[in-house]
Structures are given as C-alpha cells and as structure tokens.
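What follows is one structure encoded as structure tokens, with my remarks underneath.
Numbering of residues begins at 1 and proceeds along the displayed sequence.
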Amino acid sequence: MGAPFALDFQAVMTIGEALGVDAEMLADVLPAAEMAIVSQYAGDHDGGGDA
C-alpha cells in the first residue's frame with residue numbers, strides 16, 4: 001500500500017470552519033502543514049510494494 005501524497009484541502013477547510021478557525025490563516029499555513037504531515041508519513045514507509 002502506498003503512502004499519502006496530499007491532504008484534502010476542502011476537508012481541512014471544512015473542519016476548520018466547523019471549529020471556528022480563521023479561514024484566511026488556515027489557507028495560508030495549510031500548504032506548509034501539508035508538506036510537513038505528508039513527509040512524516042512518507043518517511044515511515046520504505047517505499048517498497050508488492051507490485
């Protein structure tokens with residue numbers, strides 16, 4: 001199974017809205033946060049597969 005390569009920005013923005021987060025601030029920091037989160041998951045996998 002492969003590692004994640006992106007976050008669903010619409011889902012994150014929807015959750016942020018429900019929590020009352022400043023949407024402009026969230027949209028501003030989301031790309032950097034996505035890169036940090038996805039790179040952590042990618043680092044946990046060896047990249048090997050059954051293919």
Side-chain angles (χ1 to χ4, degrees):
M1 185 180 285
F5 58 88
L7 296 179
D8 181 344
F9 278 28
Q10 183 61 44
V12 174
M13 295 300 291
T14 300
I15 292 168
E17 181 180 7
L19 294 173
V21 173
D22 180 344
E24 189 174 332
M25 182 276 308
L26 182 57
D28 190 42
V29 302
L30 189 52
E34 176 192 37
M35 189 167 57
I37 293 167
V38 170
S39 68
Q40 284 295 311
Y41 276 100
D44 290 342
H45 295 21
D46 64 1
D50 294 339

Co-membership, hydrophobic cluster, residues Val29 and Val12, 4.5 Å side-chain: yes
Distance in Å, Met35 CE paired with Gln40 CD, rounded so as to fall on 0.5 Å steps: 12.0 Å
pair Leu26-Asp22: side-chain heavy atoms closer than 4.5 Å: no
Smallest separation among heavy atoms of Met13 and Leu30, with atom names: SD-CD2, 4.4 Å
